K.L.:
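Please read through the structure below; I'll follow up with questions.
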Amino acid sequence: AQVGQGKCHVYEGDFAEALPHFAQVINDKRSLEDQGLLAQAYTGRGDVRYAMIKKELAGGNVQEDQLGRITESLTDAALDYVRVAQFYVESAGDDLYPATVGAARVWATQFTLTGEKDCDLAQRAAKYFFTAHKMLPRGETRRLLTNEVKRFLAKRDEACKPK
């Protein structure tokens, strides 16, 4: 129920209200018995963290001294997603794709924040984008992701080409 409540808050854009619901599940020792539940909670927390940073970045008033905090928050989101994509693969169910593509998007955002200089981040993002792409059947979602990946790869290839 806590995960469901957290997701409802996310859909409403009330991210601060969503975090405690996911944290309660993650911190409850009884949750250790249900990796599917943990996968949902970690994916939800990653979604909240990433959405909060994306909202802040979209505002356009990010100062240089805030980049460290933003990068740290993005790293926290990536860790939530990677936990699901790497450790809860068998139990993640419908959360495996969102966690995988979420990690890719977080790293792509971090790559952009580095001034497109950290090519290792770009490569990590590309790897997860490809993995997420393979999870999807033909259809609109796959087409949209294909376009997103192509735009990212063009940016990565331009920034990381050998000199």
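All values below were derived from every heavy atom in this structure, side-chain atoms included, with hydrogens, water molecules and symmetry-related copies excluded. Keep in mind it's a predicted model, so treat the numbers as computed, not measured.
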K.L.:
Do F129 and L153 touch side chain to side chain, with heavy atoms closer than 4.5 Å?
P.N.:
no
K.L.:
Let me check something: do V3 and L19 share a hydrophobic cluster, defined by ILVMFWY side-chain heavy atoms less than 4.5 Å apart, either directly or through other members?
P.N.:
yes
K.L.:
Rounded to the nearest 0.5 Å, what's the gap from OG on S73 to CD on Q110? Could you check?
P.N.:
10.0 Å
K.L.:
Going by heavy atoms in the side chains, are Q5 and Q24 under 4.5 Å from each other?
P.N.:
no
K.L.:
My understanding is that only residues two or more places apart in sequence, or in another chain, count here; which of them pass side chain to side chain contact (heavy atoms under 4.5 Å, CB included) with Q123?
P.N.:
R156
K.L.:
What is the minimum heavy-atom distance between F22 and G6, and which atoms define it?
P.N.:
CZ-C, 3.5 Å
K.L.:
Taking all non-hydrogen atoms of both residues, which atom of V149 and which atom of F130 are closest, and how far apart?
P.N.:
CG1-CE2, 4.2 Å
K.L.:
Are more than 12 heavy atoms, taken from residues, nucleotides or ligands other than Q66, located less than 6.0 Å from that residue's CD atom?
P.N.:
yes
K.L.:
Could you tell me whether the side chain of R49 reaches within less than 4.5 Å of the side chain of I53, counting heavy atoms only?
P.N.:
no
K.L.:
Answer yes or no: is there a side-chain heavy-atom contact under 4.5 Å between H9 and F15?
P.N.:
no
K.L.:
Main chain of D47, side chain of Y81: is a donor-acceptor contact present, judged purely on distance under 3.5 Å?
P.N.:
yes
K.L.:
Not counting sequence neighbours, list each pair that qualifies as a disulfide (SG to SG under 2.5 Å) and has a residue in residues 31-62.
P.N.:
none
K.L.:
If you take all heavy atoms of A126 and F152, which pair is closest and at what distance?
P.N.:
N-CE2, 4.0 Å
K.L.:
Any side-chain heavy atom of E148 within less than 4.5 Å of one from R105?
P.N.:
yes
K.L.:
Measure the spacing between CG of D157 and NZ of K155 and express it to the nearest 0.5 Å.
P.N.:
12.0 Å
K.L.:
Show me the side-chain donor-acceptor pairs of residues 83-103 shorter than 3.5 Å, one per line, residues at least two apart or across chains.
P.N.:
unit_1, atom_1, unit_2, atom_2, d
R83, NH1, Y42, OH, 3.3
Q86, NE2, Y128, OH, 2.8
T100, OG1, L96, O, 2.8

K.L.:
Who are the side chain to side chain contact (heavy atoms under 4.5 Å, CB included) partners of D28, not counting sequence neighbours?
P.N.:
R30, S31
K.L.:
With side chains defined as the heavy atoms from C-beta onward, is the minimum distance between L57 and L113 less than 4.5 Å?
P.N.:
yes
K.L.:
Give me the atom names and distance for the closest heavy-atom approach of C119 to A159.
P.N.:
SG-O, 4.4 Å
K.L.:
Is a side-chain donor or acceptor of T43 paired with a backbone partner of Q40 at a separation under 3.5 angstrom?
P.N.:
no
K.L.:
Measuring only between side-chain heavy atoms, which start at C-beta, is E17 closer than 4.5 Å to E12?
P.N.:
no
K.L.:
Write down the atom of G46, the atom of A77, and the distance for their closest heavy-atom approach.
P.N.:
O-CB, 3.8 Å
K.L.:
Using 0.5 Å steps for rounding, measure from the CG atom of L37 to the CD1 atom of I26.
P.N.:
9.5 Å
K.L.:
Hey, any chance Y50 and I70 share a hydrophobic cluster, counting ILVMFWY side chains that come within less than 4.5 Å of each other, even indirectly?
P.N.:
yes
K.L.:
Just verifying a value: how many Å separate K54 NZ and L74 CG, rounded to the nearest 0.5 Å?
P.N.:
9.0 Å
K.L.:
Can you list the residues that meet the disulfide bond (SG atoms under 2.5 Å apart) rule with C8, with sequence neighbours excluded?
P.N.:
none
K.L.:
Is R143 salt-bridged to E140, going by a charged N under 4.0 Å from an acidic O?
P.N.:
yes
K.L.:
H133: what forms a side chain to side chain contact (heavy atoms under 4.5 Å, CB included) with it, not counting sequence neighbours?
P.N.:
R142, L145, T146
K.L.:
In Å and rounded to the nearest 0.5 Å, what is the CD to CG distance from E33 to L38?
P.N.:
10.5 Å
